[in-house]
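A quick write-up on the structure given underneath.
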Amino acid sequence: MYILVNLMKSKLLYFQITAFCLFLYINSFSQISNRIYTIGNSVTDGVNFAGFQAIANQKGNTHTLARHMIPGSPLELLWAERNIANSGFWTDPYKQPGFAFPGYEWDCITLQPFDRGITGTNGDLQISLNYMNLAKDKSPNVQFYIYSRYPRIPQGKKWPSAPATVSGTVATADDWNKCWDGTYGTGSQTNETKAFFENLVTAIRNANTASPILSKPVLMIPVGDVMASLNQKMAAGNLPGYTSIWDFYSDGIHVNNMGSFVIGATFFATLYKQDPRGLTVPLQYGTIADNVRDTILFTVYKTVFSHSLSGTSFADIIPPTGVTISPKSLTLSFMQSQKITATVLP
């Protein structure tokens with residue numbers, strides 16, 4: 001920081017400089033303006049866009065969100081229809097990515113992998129790179145995210161609230177763990193495993209390093225990891241009334257209001273890098289008991305800010321407790337300048 005004084009021998013007081021330095025630091029934690037574009041199917045819609053906006057607004061943020069959604073579609077099909085004006089569901093005036101990316105600047109773009117592998121011309125690696133290339137000219141500083149979603153109900157199982165007409169045995173917490181912790185490439189539903197999403201993010205990062213497209217490495221929205229942690233708490237009896245994360249499902253692949261709140265809070269903590277604890281439940285997510293809300297928000301907080309691929313850490317949300325400067329005082333003559341170093345605690 002440099003101070004230039006236009007008055008002969010003006011003396012800068014310690015408390016004035018300290019207050020100014022602390023003001024600058026505190027304001028780095030202030031409101032954020034995010035322009036977000038999401039690409040996916042109805043699983044991405046599980047974030048509940050109005051609820052997600054309400055969460056962001058609770059913290060005073062400016063939130064703009066657009067989407068391209070085709071029900072049941074993988075990224076391959078979404079990419080193929082990026083330039084079709086009536087394709088799927090979209091947000092005016094931005095429309096599909098073929099129009100939105102060259103025409104508007106974005107801060108965050110999220111991609112939801114679905115029913116494809118990593119490699120190959122139709123794999124999620126290549127399609128992700130395609131979207132990055134499409135966005136780079138208008139949004140060279142955009143941050144891409146892979147939405148690491150949750151697994152669907154395995155064959156022969158059903159979610160706890162399924163009607164009697166649905167066949168199969170009720171899925172357990174252990175069934176969910178087996179789906180999530182499976183080895184990518186071995187067995188069914190392996191593109192819904194933790195390993196798949198981590199491998200995909202790593203592959204995109206490596207490809208972008210080898211042939212740079214964007215300056216920022218792709219990050220992950222770790223919804224699956226948050227649900228894994230909640231599943232463990234439920235199985236251990238630490239969330240009364242719930243036995244597994246399947247209780248947050250509304251059918252074999254979609255979530256109920258509590259599941260949507262998990263997704264919305266995880267998107268918020270990751271994209272805004274802000275502490276979700278203390279949030280109230282927006283009306284768009286219905287009524288959620290206080291103990292469930294607090295457990296969800298604490299789990300999101302612990303998971304997101306400790307995740308190696310989320311792009312954030314606990315340091316991002318620690319408020320300042322003080323600031324020291326060096327030198328503590330100085331006298332400057334007309335048109336002189338002096339460097340002042342501010343050290344913020346912690």
Side-chain angles (χ1 to χ4, degrees), residues 22 25-34 36 38 46-63 65 107-108 110 143 145 147-150 219-242 244-245 247-248 255-322 344-346:
L22 186 58
Y25 186 75
I26 290 175
N27 272 278
S28 70
F29 286 88
S30 62
Q31 295 84 1
I32 295 172
S33 179
N34 259 344
I36 303 166
T38 67
V47 72
N48 189 320
F49 296 117
F52 179 26
Q53 178 169 357
I55 288 175
N57 291 161
Q58 279 188 44
K59 297 284 189 176
N61 301 303
T62 302
H63 180 92
L65 190 143
D107 300 304
C108 306
T110 76
Q143 177 64 69
Y145 291 88
Y147 169 19
S148 173
R149 59 184 182 85
Y150 49 88
L219 299 175
M220 178 188 289
I221 306 172
V223 170
D225 291 287
V226 172
M227 288 193 169
S229 182
L230 286 169
N231 190 51
Q232 293 172 2
K233 293 176 181 179
M234 293 172 175
N238 295 327
L239 191 57
Y242 302 92
S244 75
I245 196 64
D247 289 321
F248 282 14
V255 293
N256 56 26
N257 281 337
M258 291 173 291
S260 282
F261 186 56
V262 171
I263 299 171
T266 306
F267 266 65
F268 164 75
T270 307
L271 272 60
Y272 282 91
K273 305 184 189 303
Q274 293 178 345
D275 190 344
R277 294 175 301 171
L279 287 169
T280 60
V281 180
L283 59 86
Q284 291 86 354
Y285 297 111
T287 301
I288 298 177
D290 290 351
N291 68 317
V292 178
R293 175 203 63 202
D294 293 344
T295 299
I296 288 172
L297 294 177
F298 181 77
T299 305
V300 169
Y301 157 75
K302 290 284 288 185
T303 303
V304 169
F305 292 100
S306 64
H307 200 288
S308 62
L309 297 175
S310 70
T312 189
S313 70
F314 293 111
D316 292 326
I317 55 174
I318 298 175
T321 59
V344 180
L345 299 175

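These numbers come from a predicted model, not from an experiment. Heads up: numbering here begins at 1 and tracks the sequence.
Inter-residue side-chain proximity for Pro222 and Thr270 is flagged as met; some heavy-atom pair is nearer than 4.5 Å. Taking 4.5 Å as the limit, some side-chain heavy atom of Ile221 sits within range of a side-chain heavy atom of Thr110. Between Phe261 and Val292, the closest side-chain pair of non-hydrogen atoms is not below 4.5 Å. Between Leu65 and Thr38 the shortest side-chain heavy-atom distance falls below 4.5 Å. Taking the side chain as every heavy atom from C-beta outward, Val223 and Phe267 approach each other to under 4.5 Å. Using a 4.5 Å cut-off on side-chain heavy atoms (C-beta onward), Tyr242 and Leu230 make no contact. By the 4.5 Å heavy-atom criterion applied to side chains, Val47 and Tyr147 are not counted as neighbours. For the pair Met220 and Asp225, the minimum side-chain heavy-atom distance is below 4.5 Å.
Thr62 and Tyr272 make their closest contact through O-OH, 3.7 Å (heavy atoms, listed as atom of the first residue, atom of the second, distance). Shortest non-hydrogen contact noted between Met227 and Gly259 is CE-O, 4.4 Å. Closest heavy-atom contact between Val300 and Pro276: CG1-CG, 3.9 Å. The two residues Ile55 and Pro282 make their nearest non-hydrogen contact at CG1-CG, 3.7 Å. Across Ile288 and Arg293, no two heavy atoms sit closer than the pair CG2-N, 3.8 Å. Between Ser310 and Tyr145, the shortest heavy-atom contact is O-CE2, 4.4 Å.
Judged as a side-chain hydrogen bond (donor to acceptor under 3.5 Å, both in side chains), not a single pair has a partner in residues 257-267 (not counting sequence neighbours). Within the structure, the salt bridge (Lys or Arg N to Asp or Glu O under 4.0 Å) test picks out no pair touching residues 259-272 (sequence neighbours left out).
Atom CG of Leu219 and atom OG of Ser148 lie 12.5 Å apart (nearest 0.5 Å). Taking NE2 from His63 and CD1 from Ile36, the interatomic distance works out to 4.5 Å, rounded to the nearest 0.5 Å. To the nearest 0.5 angstrom, Asn61 atom CG is 4.0 Å from Gln274 atom CD. Taking CZ of Phe268 as the reference point, atom CG of Leu279 lies at 5.5 Å (rounded to 0.5 Å).
Between Phe314 and Tyr301, the ring centre distance stays below 6.0 Å.
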With a cut-off of 3.5 Å and sequence neighbours excluded, list every side-chain donor-acceptor pair involving residues 232-241.
{"residue": "Lys233", "atom": "NZ", "partner": "Thr299", "partner atom": "OG1", "Å": "2.6"}

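Side-chain N or O atoms of Lys59 include one that pairs as donor or acceptor with a backbone N or O of Asp275 at under 3.5 Å. In this structure, Asn256 contributes its side chain and Met258 its backbone to a donor-acceptor pair below 3.5 Å.
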